[in-house]
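For the numbers below, each heavy atom of this structure counts, side chains included, while hydrogens, waters and symmetry mates do not. Note that the structure is predicted; figures quoted are calculated from it, not measured. Numbers here are sequence positions counted from 1.
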Amino acid sequence: MKIVHPICCGVDVHKSVIVATVAATGKDNVTTYETKTFSTINADLARFSEWLKSRSCFHACMESTGKYWIPVFNTLEADGVGVVLTHPKYVRAIKGKKTDKKDSKWIAGLFKHDMVRASFIPPKDIRALREISLYRFKLVATRTAEKCRYQNCMTVSNIGLASVLSDPFGKTATDIMGHVLTSDVFDEAHASKLIHKTAKKKTGLILESVRGCRIEPDQRFKMNEARAHMDYLDNAAVRAEAELFTRIQPHWHLVEHLSANLPGVSQLSATMILAETGADMSVFESAKHFTSWAGLAPANNESAGKKKSVRISKAGQYLKPLLVQCALAAVKSTREPYFAAKYQKLKKRRGHKKAIIAIARMMLTCIYHMISTGEAFNPSDYEECRLATVKKDAKTRQSLWQAVDKVENRGCPGSHF
């Protein structure tokens with residue numbers, strides 16, 4: 001096998017120590033290995049970097065072990081050492097005697113022949129943006145969990161607002177629950193004044209759902225604490241969004257380009273997508289590679305002429321849910337019905353879930369080309385889908401008017417449009 005990196009280093013990373021092996025190949029194609037152990041404190045990481053440079057080693061490879069690889073990566077990156085990060089499954093050694101030294105030597109041996117698949121590590125500014133984006137994701141997830149606990153307390157206390165109102169955390173529900181939690185006696189006259197806008201037509205049902213509720217002291221305590229925690233999380237999420245918009249300014253033109261042209265993608269969604277993918281699409285071989293990296297491409301698992309599971313992979317833990325939410329918004333868009341037409345066609349054959357995943361993959365393909373070329377959203381079959389939608393709408397209108405004519409010709413009393 002061809003030796004691509006004559007001098008390279010394999011690193012086995014742990015929480016407290018790292019084991020590094022430098023593989024140096026001479027002109028006679030004989031490789032010598034030198035192994036040394038360092039701790040993960042800053043001073044020792046600096047010594048590790050100096051040790052590599054003293055051996056003329058400027059290429060290193062290591063596993064992505066939890067968060068432990070990040071300090072090592074940051075130190076080597078700052079000192080000009082190229083680091084390849086890889087998934088542990090791609091550098092797993094053959095079963096047998098296993099030690100840290102053998103692991104680092106095995107990684108170095110694979111890396112010198114360029115047999116390691118590198119993980120995508122975005123630039124430093126994008127990594128910082130990603131950290132804030134993931135923090136906002138966790139804040140929203142925690143807020144959702146707190147909402148579930150709050151609703152459980154409402155159920156236990158015989159409060160049925162969630163069954164009457166579409167949003168149990170909307171303005172009407174929030175004001176009424178505030179009155180219930182701060183008053184010993186439920187005042188229906190005062191509660192009626194707290195009902196807003198379209199919810200007024202459900203005034204009787206709303207009052208009936210709260211009347212006779214029994215809030216025990218333990219449930220009252222949990223609901224007050226949950227409400228205070230949700231308010232705190234709301235404010236923290238807003239601050240995180242403000243920080244995201246501040247840090248995305250160098251790539252703001254891409255945010256505006258995506259949010260203005262692609263249906264279902266807002267400025268916040270575009271910012272979070274760029275935080276995961278970066279602004280440079282040249283790191284991906286093609287749009288298919290990009291969608292596969294995001295975990296939105298069907299698997300290719302075939303043996304003996306039999307096709308096995310084609311489920312999507314578990315990749316894209318944070319990007320995939322975001323794109324699914326964008327796809328759900330895109331299929332409901334009346335401004336741009338392209339994805340809605342695609343969704344309806346796929347849903348008939350494959351069902352809702354698979355159709356939404358397919359739409360998310362289409363959207364990610366569009367994002368790849370829009371960022372790569374700077375072109376606006378203009379798929380090749382756009383006119384075909386538009387004409388199909390127009391014909392479908394015309395056929396629907398024609399059927400409606402035929403029904404109208406049929407009713408009018410029968411002379412049914414009170415039948416008018």
Side-chain angles (χ1 to χ4, degrees), residues 1-124 127 278 280-286 288-290 292-293 300 315:
M1 291 184 290
K2 182 180 179 180
I3 296 176
V4 179
H5 303 289
I7 303 177
C8 62
C9 179
V11 186
D12 189 33
V13 183
H14 300 276
K15 181 178 181 180
S16 302
V17 297
I18 58 173
V19 181
T21 298
V22 173
T25 306
K27 294 182 180 180
D28 54 355
N29 284 339
V30 176
T31 303
T32 58
Y33 297 94
E34 183 181 358
T35 303
K36 197 170 183 179
T37 302
F38 300 88
S39 69
T40 54
I41 61 175
N42 293 331
D44 230 18
L45 289 179
R47 282 193 290 271
F48 169 52
S49 180
E50 291 297 327
W51 179 71
L52 289 180
K53 288 188 282 187
S54 68
R55 269 64 179 172
S56 300
C57 180
F58 295 94
H59 299 281
C61 177
M62 60 182 176
E63 298 176 345
S64 55
T65 309
K67 296 287 184 180
Y68 304 141
W69 63 270
I70 297 177
V72 183
F73 184 93
N74 291 337
T75 300
L76 296 181
E77 182 187 42
D79 290 342
V81 179
V83 184
V84 170
L85 188 73
T86 184
H87 196 283
K89 68 180 180 181
Y90 298 129
V91 291
R92 186 172 296 165
I94 300 173
K95 288 186 178 181
K97 295 180 180 179
K98 182 183 182 302
T99 63
D100 295 339
K101 290 184 179 181
K102 288 185 177 180
D103 285 346
S104 63
K105 184 178 178 180
W106 178 263
I107 294 171
L110 293 175
F111 185 53
K112 75 176 181 180
H113 293 295
D114 197 25
M115 296 177 63
V116 176
R117 182 181 296 181
S119 299
F120 168 57
I121 305 296
K124 191 172 183 178
R127 294 204 302 269
D280 182 15
M281 293 292 109
S282 63
V283 297
F284 302 101
E285 298 174 2
S286 62
K288 290 184 178 180
H289 179 210
F290 187 42
S292 176
W293 172 80
N300 187 11

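The side-chain hydrogen bond (donor to acceptor under 3.5 Å, both in side chains) search around Ser39 returns Asp44, not counting sequence neighbours. For Lys67, there are no salt bridge (Lys or Arg N to Asp or Glu O under 4.0 Å) partners two or more places apart in sequence or in a different chain. Annotation: ring-ring contact (aromatic ring centres under 6.0 Å, His included) contacts of Phe48 (sequence neighbours excluded): Phe38. With sequence neighbours excluded, no residue forms a side-chain hydrogen bond (donor to acceptor under 3.5 Å, both in side chains) with Lys27. In this structure Ser104 satisfies the side-chain hydrogen bond (donor to acceptor under 3.5 Å, both in side chains) test together with Thr21, sequence neighbours excluded. Every residue meeting the salt bridge (Lys or Arg N to Asp or Glu O under 4.0 Å) condition with Arg127, not counting sequence neighbours, appears here in chain and number order: Glu77. In this view, Lys53 and Glu50 satisfy the salt bridge (Lys or Arg N to Asp or Glu O under 4.0 Å) rule, not counting sequence neighbours. Residues forming a side-chain hydrogen bond (donor to acceptor under 3.5 Å, both in side chains) with Ser282 (at least two apart in sequence, or on another chain): Asp280. Partners of Phe73 according to the ring-ring contact (aromatic ring centres under 6.0 Å, His included) rule, which considers only residues two or more places apart in sequence or in another chain, are Trp69.
The two residues Leu45 and Thr40 come nearest to each other via the heavy atoms CD1-O, 3.7 Å. For the pair Thr86 and Ser119, the tightest heavy-atom approach, listed with the atom from each and the gap, is CA-OG, 3.7 Å. Closest non-hydrogen pair, Glu285 versus His289, comes out as N-ND1, 3.0 Å.
Considering OG1 of Thr75 and CD1 of Ile70, their distance stands at 11.5 Å, rounded to 0.5 Å. With rounding to the nearest 0.5 Å, the separation of NE2 in His87 from OG1 in Thr65 is 10.0 Å. Annotation: the span from Arg47 atom CZ to Ser54 atom OG amounts to 13.0 Å, rounded to 0.5 Å. Annotation: the span from Trp293 atom CH2 to Phe120 atom CZ amounts to 5.5 Å, rounded to 0.5 Å.
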Practice task
Kindly determine whether Val83 and Met62 satisfy side-chain contact (heavy atoms from CB on, under 4.5 Å), including the steps that lead there.
Solution key: CA-CA 8 Å; Val83 184; Met62 60 182 176; 3.7 Å; yes
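Within 6.0 Å of the CZ atom in Phe58, the count of heavy atoms belonging to other residues, nucleotides or ligands exceeds 12.
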Show me, pair by pair, the donor-acceptor contacts under 3.5 angstrom made by side chains of residues 108-116, not counting sequence neighbours?
residue	atom	partner	partner atom	Å
Lys112	NZ	Thr31	OG1	2.8
Lys112	NZ	Tyr33	OH	3.3
His113	ND1	Lys2	O	3.3

List the atom pairs, with distances to 0.1 Å, where a side-chain N or O of residues 7-16 and a protein N or O form a donor-acceptor pair under 3.5 Å, not counting sequence neighbours.
residue	atom	partner	partner atom	Å
Asp12	OD2	His14	NE2	3.0
His14	NE2	Asp100	OD1	3.2

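Annotation: salt bridge (charged side-chain N to carboxylate O under 4.0 Å, His left out) contacts involving residues 54-63, sequence neighbours excluded, comprise Glu34-Arg55.
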